[in-house]
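Proteins come first, then strands; the chains are lettered A, B, ... in the order of their sequence lines, and each starts at number 1.
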Amino acid sequence: MDIVRWSRQLIPTLREVPQEAEIPSHQLMLRAGLIRKLGAGLYTFLPLGLRALRKVERIVREEMNRAGALEILMPALHPKEVWEQTGRYELLRDVMFKVKDRQQREMVLGPTHEEIVTDLVAHEVSSYRQLPVNLYQIQTKFRDEIRPRFGLMRAKEFIMKDGYSFDADLDGAEKSYRSMYEAYQRVFQRCGLRAKIVEADTGAMGGSSSHEFMVLADSGEDGLVECDACSYAANLERAESVLRSAPSFADAEKDPEKIATPGLRTVEEVAGFFQSPPARLIKTLIYVADGKPVAALVPGNRDVNEIKLRRALGAKALELADAATIARVTGAPVGFAGPVGLSIPLVVDAKLRGYRGAVTGANEADAHLRSVDIERDVKVTEFADISFAIEGDGCPRCAGTLRAKRGVEVGHVFKLGTKYSEQLGALYLGEDGQKRPCVMGCYGIGVTRTLQAVIEQSHDDNGIIWPATIAPAEVEVLLINEQHAASVETAGKLVEGLKNVGIEVLFDERAERPGVKFKDADLLGLPLRINVGERGLAKGSIELRARHSGETLVVPVESAVETACARLAELKRACAPGGE
RNA sequence: CGGGGCGUAGCUCAGCCUGGCAGAGCGUCAGCUUUGGGAGCUGAAAGUCGUGGGUUCAAAUCCCACCGCCCCGACCA
């Protein structure tokens, strides 16, 4: 273990909040001198930031190895052709950085590595005797994000642990998935993170199912719901929900009636006019799916979930229709579309089943219909779940109620099936002499994002509060007056003593005023701090202060190392996975 | 890509509306004083005012174009 002397380090702390940073974790990483920006989504790790990053990586490695995964390192630069084999060159076209070599060969900077690892396994694995195999790497990924933001949370270049399992059959793949799922729980616990596991959509990865590991935070980019009674939790992209009671509205028995609503287009305006809750309205949105117009109907208080809609339609391309298309299809300007009399397919949200007395557009400028009965008046092509769940919906698994939260996705595990192994020829010869594709899983951890998520979840007004397991150093020794000889001597001995028992020490021996050093110590947030000063030494003692609680112990100099050691062990235990 | 904001000293920002010597606080450097929660005094260094063009006797300030950064949205393993 080494000693970090503040005065000989590069720890450029900032008194003020940099203009570029919005959320606490980003501000604190900059202020504590952990990172610096080169450009949008591009960051340099300074020495202390790198130390913390390496600790996260070490935890990830240890848990991957424990679970039997094998570390490899693949290229970040890939020939374009590998990506064309699976069709993902097209699919991920916009997120990939593309470059050419001197011979004008087209290359991409890898945004992920399914194709590359599967190609490897296709060449090197040929028998069921070699399975299962689980390979991972910790490597820099490149994605041309539409909008990098929040520092390391969404960067153009970031470090990711990506792992891939290859099994002979579904049972084996299930076991591999389970084992990674459990390894991930351990990883995040050891990083001091509380990660919520949610059911997730598989997106461009493909595959059958997946779970995301979410760190709850208001600044999180993902919406999710969790049940207040059972363990159900899901990303909003995927979340199902139920209505506890069928809504009933006024005038349900009457026939549809056209009402003049001049200039009223939005749900709020129309709901206000009818003095009804937005839920009484039926929103009719015109989409173009694979070139053909369709109408999607959802309750007025909900939004269309385009992922669900695309799945319901089985469409490859899906986008909102433009104003001209809407006018052609509905005969009315934007804002007055309704389902009655439309001749295009109508996909109706399942939550609209039994809707009576609803208000819809009349397919005519400045007019709406009231007393619409979805079953009686609308030619429903298909009922399907195509809307987002919202706070207060019923849980699909129990009698509980769903709560809406936001989270940062720090890990994602997928069951991939045989999509990649078939396309890239990752086949093995079974016991029976038959060739079969490997059943795959893939598993990602955003390493740099995880580091920042820890800070987002663990800080106060004064600065970072590092979990003991990933702090850039474990104990800060703060020399209050560097001109007081006895203090200097004692601090020096303590630093040596801590080092000798294997503790990582940051020694703040700068010629700064005490206040400056105290403020910097809180900002940087190492778990324990030892203040060595004249006042304490007069009584033969130092102060041992815990960053997370602010609790300060007065400890005799002789037992300072021992006490610090014991305290640190406690703090580390708090991050240990259950049962250890 | 659409909408909004910003770009002046290392950092945070004022000055711009109403054109006329480029400023403050913090930081840095030197000296003195001070030493338990971002000290005090004295002095100093430090800016092509994002870039280019235009208007004007004169542009940080007005106009045009471009670049960069941040936020919201769309999008996203």
Classify every nucleotide of nucleotides 24-40 of chain B by which part a protein heavy atom approaches to under 4.0 Å, writing B for the base, S for the sugar-phosphate alone and - for neither, in 5'-to-3' order. -BSS------BBBBBB-
Could you check whether A/Glu212 gets within reach of a base, just the sugar-phosphate, or nothing at all, counting any heavy atom under 4.0 Å? nothing
Give the rounded distance in Å between these two atoms: CG of A/Leu30 and P of B/C11. 12 Å
Integer-rounded Å distance: B/C76 P and A/Lys156 NZ: 18 Å
Which pairs of donor and acceptor atoms, one on a side chain in residues 211-220 of chain A, lie under 3.5 Å apart (sequence neighbours left out)?
from, atom 1, to, atom 2, distance (Å)
A/His211, ND1, A/Tyr177, OH, 2.7
A/Glu212, OE1, A/Asn235, ND2, 2.7
A/Ser219, OG, A/Glu456, OE2, 3.3

Once ring pair (Phe, Tyr, Trp, His ring centres under 6.0 Å) is applied, do any residues pair with A/Phe507, and if so which ones, sequence neighbours excluded? none
So, using side-chain contact (heavy atoms from CB on, under 4.5 Å) as the criterion, who are the partners of A/Ala32 when residues are at least two apart? A/Leu34, A/Ile464, A/Leu523, A/Leu524
Would you give me the side-chain donor-acceptor pairs under 3.5 Å for residues 41-50 of chain A, sequence neighbours excluded?
from, atom 1, to, atom 2, distance (Å)
A/Tyr43, OH, A/His26, NE2, 3.2

Atom C1', compared across B/G27 and B/G38: separation rounded to whole Å: 12 Å
Quick one, give me the B/S/- string for nucleotides 68-73 of chain B, reading 5' to 3', where B means a protein heavy atom under 4.0 Å from the base and S means that only happens at the primed atoms, P, OP1 or OP2. -SSBBB
Stepwise, does the side chain to side chain donor-acceptor pair (under 3.5 Å) test hold for A/Asp162 with A/Gln137? CA-CA 6 Å; A/Asp162 49 322; A/Gln137 65 174 348; 3.1 Å; yes
Taking the P atom in each of B/C57 and B/G19, what is the distance between them to the nearest angstrom? 15 Å
Roughly, in whole Å, what's the span from CZ in A/Arg36 to P in B/G10? 14 Å
For residues 539-559 of chain A, which residue pairs pass the ring-ring contact (aromatic ring centres under 6.0 Å, His included) check, not counting sequence neighbours? none
Could you tell me which residues satisfy side-chain contact (heavy atoms from CB on, under 4.5 Å) with A/Val82, sequence neighbours excluded, listed by chain and number? A/Pro79, A/Glu115, A/Ile116
Rounded to whole angstrom units, what separation is found between the CZ atom of A/Arg449 and the C1' atom of B/C76? 10 Å
A/Leu236 CG to B/C75 P: how many Å, rounded? 14 Å
To the nearest angstrom, the CZ-C1' distance between A/Phe97 and B/C76 comes to 14 Å
Residue pairs meeting side chain to side chain donor-acceptor pair (under 3.5 Å), one or both in residues 8-21 of chain A, sequence neighbours left out, come to A/Thr13-A/Asp520
